[in-house]
There are 2 protein chains.
Amino acid sequence: MVTQGLISTREDILERAIPLFARLGFHGVSMRDIAAEVEMQAAALYHHFADKEALYLAAMAYAFKDKSVVLTQAIAIPGTPLERLNRFVETLAEGMGRDPDFLALLQRERIDGNETRLKLLAEEVFAEPFDALLTLAKEIAPAHDSHMVAISICALVMYHMETAPMRRFLPGWHTTLDQPKFIAKHAMALLAQLFADGDQK
Amino acid sequence: MVTQGLISTREDILERAIPLFARLGFHGVSMRDIAAEVEMQAAALYHHFADKEALYLAAMAYAFKDKSVVLTQAIAIPGTPLERLNRFVETLAEGMGRDPDFLALLQRERIDGNETRLKLLAEEVFAEPFDALLTLAKEIAPAHDSHMVAISICALVMYHMETAPMRRFLPGWHTTLDQPKFIAKHAMALLAQLFADGDQK
DNA sequence: GTCTATATCTTGATAGAC
DNA sequence: GTCTATCAAGATATAGAC
């Protein structure tokens with residue numbers, strides 16, 4: 001299972017295709033575009049992938065691979081529920097800030113993905129950390145629906161990250177507001193206030 | 001300024017193009033697709049719009065037109081801050097639930113829109129209700145950054161709406177969780193708990 | 001204002017040499 | 001495993017009749 005330091009052509013293609021798909025979407029990128037990025041001819045791509053869709057799906061799988069591990073680990077580290085929540089929120093914000101391609105692909109898949117792809121994304125990528133978050137939500141806010149609380153936690157981080165490019169033009173904006181650390185801090189300030197005193201409804 | 005009951009061909013084109021662009025995106029829809037939907041030949045579209053991009057931009061402007069008025073009004077109705085917040089949250093959730101095309105286009109523009117388009121969207125569509133929300137945020141949570149609080153309020157509604165298709169496949173999901181009324185109720189439950197007692201940090 | 005016809009370009013994909 | 005050459009389909013856009 002140990003890969004050589006050298007990267008295969010297949011992986012090279014995927015890694016260079018990912019930023020293109022993230023920025024322009026499936027229909028916005030041609031096989032020639034990808035080939036140019038890898039510095040080969042478009043025909044050669046078909047030696048590695050059956051067609052454009054197969055390449056795209058492989059790129060998604062590659063981009064989403066192992067993304068959830070850090071989140072699951074962040075929650076798993078022992079501590080008070082609020083400490084564990086804080087670690088999750090910080091990890092989520094930092095991770096998204098560090099990988100804008102992932103953030104973009106995630107949003108694209110949410111809109112363009114069919115049932116099969118959404119199911120795969122949910123079950124293969126998010127089910128594990130979300131399960132841990134659900135358990136934490138039950139501890140921290142037993143009076144509310146756990147699924148809703150878990151999503152709300154994600155929302156307080158993700159929506160700031162996702163809307164950052166547009167928020168620049170909304171009133172009250174300043175540069176600090178788009179920094180992952182600040183977003184995590186703000187989310188935790190709200191969440192701590194929400195759940196600190198045992199969640200009286 | 002009073003339009004006749006009859007709709008112009010131009011508006012007919014826009015109204016039929018909007019669902020297509022919402023579902024498939026700019027590159028996923030051809031001029032032929034749109035023409036077929038309006039039951040005319042693709043060439044005729046060029047009598048009404050200079051090119052595909054002009055048609056798309058006009059469709060966006062049409063889809064986003066007057067969308068913000070209800071939100072601004074919802075906040076403007078007199079009442080306690082929490083009542084006004086509740087009205088905003090309910091209006092936002094209901095509005096998005098009633099217009100899935102708008103919700104989809106909004107997400108697409110966030111990813112695909114260039115600086116100019118994002119600026120236009122922010123300033124022409126969202127600035128007014130967001131300004132009102134900012135003022136409300138200052139009243140309701142003076143200890144926190146107003147912009148962040150305002151976005152967080154939107155996040156607690158919007159992120160549930162936007163992720164609905166994928167959340168179906170996440171643990172703890174059940175049909176109720178995607179209903180606008182329930183989402184609004186949950187968001188308000190959290191927000192009321194957050195801000196009820198004067199926002200002690 | 002809509003049509004048919006068509007020019008021009010780009011796309012995904014294949015064939016076959018090396 | 002990559003190349004050149006090429007096909008067939010689909011795209012945007014235009015010209016000109018009605």
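Every chain is numbered from 1 and lettered A, B, ... according to where its sequence line falls, protein lines coming before strand lines. Every value quoted in this text rests on a predicted model; they were computed, and no experiment measured them.
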Letter by letter from the 5' end, nucleotides 3-18 of chain C scores (B base, S sugar-phosphate only, - none; protein heavy atoms under 4.0 Å) BB------BBBBB---
Discussion item. Is it the case that the side chain of A/H147 and the backbone of B/P171 share a donor-acceptor pair, with hydrogens and angles ignored and the cut-off at 3.5 Å?
Written reply: yes
Residues pairing under side chain to side chain donor-acceptor pair (under 3.5 Å) where one sits in residues 76-98 of chain A, two or more places apart or in two chains, turn out to be A/R84-A/E139
Polar contact flag, side-chain donor to acceptor under 3.5 angstrom, A/D12-A/T9: no
Separation of D/dT2 atom P from A/F49 atom CZ, nearest Å, is 11 Å
### Message
Please determine whether a side-chain nitrogen or oxygen atom of B/H47 lies at a distance below 4.0 Å from atom OP1 or OP2 of C/dT2.
### Response
no
(request) Taking atom CD of A/E15 as the centre, report whether more than 12 heavy atoms of other residues, nucleotides or ligands fall under 6.0 Å from it. (result) yes
- Query: Distance-only, no hydrogens or angles: does the B/S8 side chain make a donor-acceptor pair with backbone N or O of B/E11 under 3.5 Å?
  - Reply: yes
